[in-house]
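First the proteins, then the strands, lettered A, B, ... as listed; each starts at 1. Keep in mind it's a predicted model, so treat the numbers as computed, not measured.
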There are 2 protein chains.
Amino acid sequence: MTARTSAESPRGIPEATVARLPLYLRALTALSERGTTVCSSEALASAAGVNSAMLRKDLSHLGSYGTRGVGYDVANLRYQISREIGLTQDRNVAVVGLGNLGQALANYAGFRSRGFRVVSLLDADPRLFGMTVADLQVRPVADLEAVVAELDVAIGVVATPAEAAQEVTDRLVAAGVASILNFAPTVLSVPEGVDVRKVDLSIELQILAFHEQRRSPSYAPTISTTPAARGAVAVQEEGR
Amino acid sequence: MTARTSAESPRGIPEATVARLPLYLRALTALSERGTTVCSSEALASAAGVNSAMLRKDLSHLGSYGTRGVGYDVANLRYQISREIGLTQDRNVAVVGLGNLGQALANYAGFRSRGFRVVSLLDADPRLFGMTVADLQVRPVADLEAVVAELDVAIGVVATPAEAAQEVTDRLVAAGVASILNFAPTVLSVPEGVDVRKVDLSIELQILAFHEQRRSPSYAPTISTTPAARGAVAVQEEGR
DNA sequence: TAGATTGTTAATCGATTAACAATC
DNA sequence: TAGATTGTTAATCGATTAACAATC
């Protein structure tokens with residue numbers, strides 16, 4: 001899912017751990033809102049939906065922020081994780097592609113509340129130019145390079161059709177954007193050092209379908225099909 | 001991300017492999033559309049963005065569909081993977097929560113083209129009742145149980161605010177839905193045998209932010225902060 | 001001190017990759 | 001037959017988990 005080759009970040013935190021830090025942060029926030037000031041690894045792990053041994057191992061990569069026999073100070077641990085992730089600093093986001101999904105993303109409140117500022121919306125369709133979404137006017141994708149430079153864009157969200165995604169990504173990267181969140185159903189190739197994360201709705205559904213199939217009563221473990229019979233089945237794909 | 005405890009499906013296909021099958025399917029479709037009828041593991045792996053050894057290992061779990069010295073028949077492999085995933089059968093999907101994201105999901109063309117039929121839209125807000133989205137009328141979430149039974153819903157998409165997600169999930173599960181795609185930023189607890197997959201936009205952004213931070217020039221490997229200084233920093237979380 | 005809970009070590013487990021014998 | 005490429009084995013690597021000594 002990511003362009004990094006190593007499983008460890010430069011500072012030595014395993015990718016699997018990095019992916020769970022936001023989960024811990026969320027759980028800590030929930031505890032904090034309920035007035036909890038101290039919690040055990042057991043309680044926090046349960047709130048985050050993981051094993052407590054894993055939680056302690058993960059946290060040990062950040063430092064020693066707990067107290068033996070007591071637990072973790074909720075406010076402090078929350079701050080330490082935020083800092084580790086880099087949420088103490090705001091980051092500017094540009095959304096490219098203002099279809100249904102792009103518009104929903106532009107409006108997504110979860111971005112802003114976590115230090116991600118959507119500062120620009122870009123699309124290739126002239127009919128959308130000037131349209132206001134989430135208090136921003138949609139600009140032509142031709143302005144991409146100018147927008148990245150002017151507005152100091154750090155993260156690009158690609159919500160274009162699959163066919164346009166690679167070109168948009170190339171231009172984002174060339175303009176200096178090194179973090180891409182890709183919603184287009186396509187594999188992006190990027191140079192070393194650029195980070196791509198992929199969110200693919202139809203792939204998630206297909207994984208569910210796989211398990212679903214193994215539950216349904218009509219499921220037969222072995223289906224023999226002749227090559228001729230196979231040819232008769234139309235398999236659909238793509239389309240977005 | 002999933003409620004299954006074992007890493008293997010009943011039929012013995014590792015979860016990591018299952019998660020890549022849709023990728024291979026997509027790559028095969030692209031090859032097919034370009035007129036390619038046969039391809040090597042090398043070519044397919046490159047199109048899917050994975051190592052060719054991993055691709056061959058993954059495919060070996062399904063059976064022996066390649067020809068040594070030649071490669072794979074694109075149409076046949078595509079059919080075999082579709083069948084394995086269970087895409088040869090249509091599945092009915094209900095979307096609960098018709099905010100920006102829910103509406104975008106209801107309109108998402110990638111669902112229908114892959115055998116997922118959105119058959120019902122549900123929301124708790126009376127102002128949305130009767131509104132038409134993607135040719136469907138929004139119904140009260142109170143109708144959930146009736147809708148699942150009447151329309152044979154196999155997959156529930158939860159796009160509600162975090163606070164409502166667990167209750168909606170409980171009701172979906174009680175009504176017989178065993179596959180849940182969760183977009184709400186919260187951990188769902190479900191009984192054994194129910195499959196939950198989670199798509200969390202803000203977590204993806206936070207993972208990008210982590211790597212982004214390690215690139216930016218202002219990044220200092222060790223920041224010493226006193227407990228007092230920490231207390232002064234407001235860390236925001238949640239909000240959706 | 002006795003009880004609780006962290007941080008870490010060691011064991012286990014699964015996933016990835018390289019290499020190559022089988023075979024078209 | 002010679003060349004190509006699969007399917008599989010074995011090696012490596014990373015991630016998870018159990019267990020416990022350290023210590024509050």
Visitor: In whole angstrom, give the distance that lies between atom CG of A:L62 and atom P of C:dT6.
Guide: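 In whole Å, C:dT6 P and A:L62 CG are 15 Å from each other.
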Visitor: Any side-chain N or O of B:S41 under 4.0 Å from OP1/OP2 of D:dT5?
Guide: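 So the side chain of B:S41 is outside the cut-off, no N or O lying under 4.0 Å from OP1 or OP2 of D:dT5.
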Visitor: To the nearest angstrom, how far is A:Y72 atom OH from C:dA4 atom P?
Guide: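 My rounded result for the distance is 18 Å.
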Visitor: What pairs of donor and acceptor atoms, side-chain ones from residues 45-53 of chain A against any protein atom, are under 3.5 angstrom apart with sequence neighbours left out?
Guide:
unit_1 : atom_1 : unit_2 : atom_2 : d
A:N51  : OD1    : A:A53  : N      : 2.7
A:S52  : OG     : A:E42  : OE1    : 3.4
A:S52  : OG     : A:R56  : NH1    : 3.4

Visitor: Does B:S40 have any side chain to side chain donor-acceptor pair (under 3.5 Å) partners at least two apart in sequence or in another chain, and if so, which?
Guide: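 Once residues adjacent in sequence are excluded, B:S40 has no partner under the side chain to side chain donor-acceptor pair (under 3.5 Å) criterion.
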Visitor: Name all residues meeting the salt bridge (charged side-chain N to carboxylate O under 4.0 Å, His left out) criterion together with B:D200; count only those two or more places apart in sequence or in a different chain, and write none if there are none.
Guide: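 Here the qualifying residues are A:R26, B:K198.
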Visitor: Would you please name every residue forming a side chain to side chain contact (heavy atoms under 4.5 Å, CB included) with B:V153, sequence neighbours left out?
Guide: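 For B:V153, the residues satisfying side chain to side chain contact (heavy atoms under 4.5 Å, CB included) (neighbours in sequence not counted) are B:A94, B:V119, B:V147, B:V148, B:L151, B:V177.
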Visitor: Checking B:V70 now: which residues fulfil side chain to side chain contact (heavy atoms under 4.5 Å, CB included) with it, not counting sequence neighbours?
Guide: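 For B:V70, the residues satisfying side chain to side chain contact (heavy atoms under 4.5 Å, CB included) (neighbours in sequence not counted) are B:V38, B:T67.
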Visitor: Looking only at the side chain of A:S64 (C-beta and beyond, no hydrogens), which of the listed nucleotides D:dA15, C:dG7, D:dG7 gets closest?
Guide: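 Side chain of A:S64 sits closest to C:dG7.
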Visitor: Just how far, in rounded Å, is P of D:dA4 from CD of B:E42?
Guide: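 Whole-Å distance recorded here is 14 Å.
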Visitor: How would you list, by chain and number, every residue that makes a ring pair (Phe, Tyr, Trp, His ring centres under 6.0 Å) with B:F111, sequence neighbours excluded?
Guide: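 Applying ring pair (Phe, Tyr, Trp, His ring centres under 6.0 Å) to B:F111 gives B:Y108.
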Visitor: Please check if any side-chain donor atom of B:Y65 sits under 3.5 Å from a side-chain acceptor atom of B:N76, or the reverse.
Guide: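 The answer is no; no qualifying pair exists.
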Visitor: Restricting to side chain to side chain donor-acceptor pair (under 3.5 Å), what partner residues turn up for A:N182, sequence neighbours left out?
Guide: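 With sequence neighbours excluded, A:N182 shows a side chain to side chain donor-acceptor pair (under 3.5 Å) to no residue whatsoever.
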Visitor: Which residues pass the salt bridge (charged side-chain N to carboxylate O under 4.0 Å, His left out) test with B:D90, not counting sequence neighbours?
Guide: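 Only B:R117 meet the salt bridge (charged side-chain N to carboxylate O under 4.0 Å, His left out) criterion with B:D90.
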Visitor: Measure CG/B:L59 against P/D:dT5 and give the value in whole Å, please.
Guide: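 To the nearest whole Å, that distance equals 16 Å.
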Visitor: Over how many whole Å does the gap from B:E15 atom CD to D:dT16 atom P extend?
Guide: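 Value for this atom pair: 14 Å.
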Visitor: Consider side chain to side chain contact (heavy atoms under 4.5 Å, CB included). Of B:T169, B:V157, B:T160, which one does B:V96 pass it with?
Guide: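 In the set B:T169, B:V157, B:T160, the residue that makes a side chain to side chain contact (heavy atoms under 4.5 Å, CB included) with B:V96 is B:T160.
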Visitor: Let me know the distance between CG of B:D58 and C1' of D:dT8, rounded to the nearest Å.
Guide: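 Whole-Å distance recorded here is 14 Å.
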Visitor: Does any residue of residues 49-57 of chain B have a heavy atom under 4.0 Å from DNA chain D, and if so, which ones, in number order?
Guide: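 B:R56, B:K57 - these, ordered by number, are the residues of the stretch whose heavy atoms sit under 4.0 Å from the strand.
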Visitor: Kindly write out the residues that satisfy side chain to side chain donor-acceptor pair (under 3.5 Å) with B:S179, not counting sequence neighbours, or none if the list is empty.
Guide: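 Partners of B:S179 by the side chain to side chain donor-acceptor pair (under 3.5 Å) criterion, ordered by chain and then number, come out as A:E212, A:R215.
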Visitor: In whole Å, I'd like the distance from the CD1 atom of A:I13 to the C1' atom of D:dG14.
Guide: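 So the two atoms are 16 Å apart, to the nearest Å.
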Visitor: Tabulate atom names and distances for all N/O pairs under 3.5 angstrom spanning the protein and nucleotides 21-24 of chain D.
Guide:
unit_1 : atom_1 : unit_2 : atom_2 : d
D:dA22 : N3     : A:R68  : NH1    : 3.0
D:dC24 : O4'    : A:R68  : O      : 3.4
D:dC24 : O2     : A:R68  : O      : 3.4

Visitor: Which ranges of DNA chain C pair up as stems, where a stem means three or more consecutive Watson-Crick or G-U pairs with both distances under 3.5 Å?
Guide: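 Stem list for DNA chain C: C:3-24 with D:3-24.
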